[in-house]
J.: 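Below is a structure I'd like to ask you about.
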Amino acid sequence: MLTASATEMSDFFNNPFMAFSAGFGLGPIPIGFARRTLYPPVERYPDGRAKYAPYGLRKVEAMLLENGFTESDVVVAHPMDLHRFIGSDTKVVGISSMDPTGMGYVSKTYSSVIGGGEPMNAVEFQKLVKHPNIKKFKPKIIVGGFGSWQLERKQMTDKYGVDCVLMGGRPDAIIDAFRKAVNGETLPRLVHADESLANWDYGTMPLSKHAAIHGAVEISKGCGRNCQFCTPTMQNKVDVPLERIMQEVAMTTREGSDHVTLITEDLFLYGSKSKTFVPNKEAVVNLARSVAEYPGVKSVQVSHMSLAPVVNNPQMIKELAEIFIQRSWYSLGKKAIITAETGIETGSARMMRKYMGGKMLPYKPEQWQEIVTSAFGILNDNDWYPLATLIVGLPDEKEEDVLDTLELMDKLKGFNAFYVPLFFVPLENCVLMNKKGAELDSLSRARWDFFIKCWEYNIKIWKPTFLENRITNPFLFRFINNVFIPCFGGVMGLYYGWKRGEQLKQAFWTLSNPQITERAY
Ligand code: SF4
């Protein structure tokens, strides 16, 4: 039996970026309401199997199917359907999780800023491992996925009744753990299944047999730029051969998805062998065209990109935009746009040099602000509006570093983008894993100003589109637009002012009254 928590077995109404919100606390919202209105279950086949599932889970399914298990041995299902599949003959439940205890970047940041208790990711994971059929029939529990390390770090492995935590995605180690579980052998509590990508043959990774949520298809693994807060930094980049990518695209469309999401740490470096990260335009454009023009593909989304290649090869961006705008997934107002996630992280050249010396290659850390603003200009000129993350609270971050970031945000004022400010979190297997994470209470006034500025931009750029797309009832629209949002900051300000002090009160008040923010800056 393979599954994931309800927040991960959802397409968030066909909106990959809304999955961020599962890092927020539920607050007083009933879980059933959240499941209906935020993360509805994926489509199911009549027999109850999930039609779509997280990409990593589909890979584990394929590993098992190519190594002695049959389609009738392995089931992939939504947690709401576990009662149909877990019984006395179920040997093992494999769970994939990105964020089982809410220690991911978004969860750590927004559950402390907004409050509302445990992040939805953590609540749903708990519900999954405590499912009545798991308690009753006691199959072995194996947890893998990008966030599995959290169980060990938070010492929740035993508490949740997990028999084995898998870290990494190497097929031989994963298959071995499942074989042991099925044969009734003792499982190691912890399996390191890390891929050492330096000499890794992608051919050992089986092709997915069934479609993933959002039509996810991996095009490259790892990155190699060596940002010290990041896990993919530990891996050199490996490109998936185009032929294999197209085989998964074909399978995805065959199984009913007309969307394809290209999973990568950086689309622009697909096919590049350059040690200074100079893109290979022909390889990237050829990949984009092959996927976008594949029969049955109506929209294509790219998961991640970096900014230096944009400046290095603006012609590549132009050619990619001409392809992707025909297969656009998002819009701003009525205008089709292209987007992908990227990391700005900071405006401080000192922080860049210290922790992210490879991120701006082939340029220099001192040029970072210029790279970001030039890249945003080129991207926006081509209807490409990035979703950008920024990190506050990196170890040894000083006030002047934050002021540099504020200066960069000022320079970005005229561009269209969505900004996600995050607290530094020491992820497992990154260089900074033993450093202290940023905490809400330690945020200075400048850090709060930075947080506010990011969300002030977001509200200004995206509020009308969000309201038009999500709120169809005209009365509700007017209420939210004219009453709720203007009052939100005041109410939150009072609440947080009472709970956490003057700084937060000021923060939320300023956020919902942009005219005050304008004056303040
Ligand atoms: S560029 Fe992005 S993916 Fe690569 S190491 Fe840095 S943060 Fe990680």
Side-chain angles (χ1 to χ4, degrees), residues 20 55 98 104-106 108-109 146-147 149 168-169 194-198 216 218-240 261-279 284 302-313 339-349 351-365 367-369 371-372 375-376 379 386-395 397 405 408 417 419-433 435 437-438:
F20 268 119
Y55 189 75
M98 299 285 286
Y105 269 92
V106 175
K108 277 294 265 191
T109 308
F146 186 71
W149 60 273
D194 309 317
E195 308 101 325
S196 166
L197 295 184
E218 188 168 63
I219 61 164
S220 66
K221 241 184 188 333
C223 165
R225 284 191 186 267
N226 289 334
C227 302
Q228 295 187 15
F229 58 86
C230 171
T231 306
T233 187
M234 308 300 277
Q235 305 172 344
N236 291 321
K237 179 175 71 80
V238 172
D239 293 318
V240 181
T261 301
L262 302 179
I263 304 296
T264 175
E265 300 304 339
D266 188 357
L267 167 74
F268 302 146
L269 291 180
Y270 181 78
S272 168
K273 302 267 182 266
S274 161
K275 287 203 165 38
T276 51
F277 301 94
V278 173
V284 183
V302 175
S303 69
H304 293 85
M305 62 181 176
S306 65
L307 295 175
V310 177
V311 180
N312 191 269
N313 198 330
T339 186
E341 189 180 331
T342 193
I344 295 177
E345 325 307 6
T346 175
S348 159
M351 288 282 101
M352 292 302 292
R353 202 177 313 109
K354 184 163 183 169
Y355 297 127
M356 297 164 253
K359 200 176 187 75
M360 75 299 291
L361 286 173
Y363 306 104
K364 296 193 167 58
Q367 294 172 282
W368 183 236
Q369 290 207 8
I371 294 164
V372 175
F376 271 47
L379 290 167
L387 183 153
T389 54
L390 296 107
I391 299 178
V392 73
L394 280 161
E397 182 184 72
T405 305
L408 174 59
Y419 300 96
V420 184
L422 298 165
F423 292 166
F424 164 65
V425 173
L427 298 178
E428 188 77 6
N429 273 344
C430 76
V431 177
L432 300 177
M433 68 180 277
K435 299 287 182 189

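One-based numbering, in listed order, for ligands and for the atoms of each. Basis for what follows: all heavy atoms, side chains included, without hydrogens, waters or symmetry-related copies.
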J.: Surrounding NZ of Lys435 (heavy atoms of other residues, nucleotides or ligands, distance under 6.0 Å), is the total greater than 12?
T.: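 Check fails, neighbour count at 12 or below.
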
J.: Can you name the one residue among Thr342, Asp266, Asn312 that meets side-chain contact (heavy atoms from CB on, under 4.5 Å) with Leu307?
T.: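 Answer after filtering Thr342, Asp266, Asn312: Thr342.
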
J.: Within a distance under 4.0 Å of any heavy atom of Cys230, pick out the atoms of ligand 1 and give their elements.
T.: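 Result: 3 (S), 5 (S), 7 (S), 8 (Fe).
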
J.: Would Cys227 count as a contact for atom 6 (Fe) of ligand 1, in the sense that one of its N, O or S atoms lies under 2.8 Å from it?
T.: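 Cys227 does place an N, O or S atom closer than 2.8 Å to atom 6 (Fe) of ligand 1.
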
J.: Between Tyr270 and Val240, is there a donor-acceptor pair closer than 3.5 Å when you use the side chain of the first and the backbone of the second?
T.: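 The answer is yes, because a donor-acceptor pair under 3.5 Å joins these two groups.
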
J.: Considering the heavy atoms of Glu265, write down every atom of ligand 1 situated less than 4.0 Å from one of them.
T.: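 Answer for ligand 1: 3 (S).
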
J.: Can you sort out which atoms of ligand 1 are near Lys359, meaning under 4.0 Å from one of its heavy atoms?
T.: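 Those of ligand 1 that fall under 4.0 Å from Lys359 are 1 (S), 2 (Fe), 6 (Fe), 7 (S).
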
J.: Quick one: sort the Tyr419 and Phe376 rings into parallel, tilted or perpendicular, breaks at 30° and 60°.
T.: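 Parallel: the ring planes of Tyr419 and Phe376 meet at under 30°.
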
J.: For Met98, look at atom CE and say whether over 12 heavy atoms of other residues, nucleotides or ligands are found less than 6.0 Å away.
T.: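 Incorrect, the count does not exceed 12.
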
J.: Under 2.8 Å from atom 8 (Fe) of ligand 1, is there an N/O/S atom belonging to Cys223?
T.: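 Checking Cys223: none of its N, O or S atoms is under 2.8 Å.
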
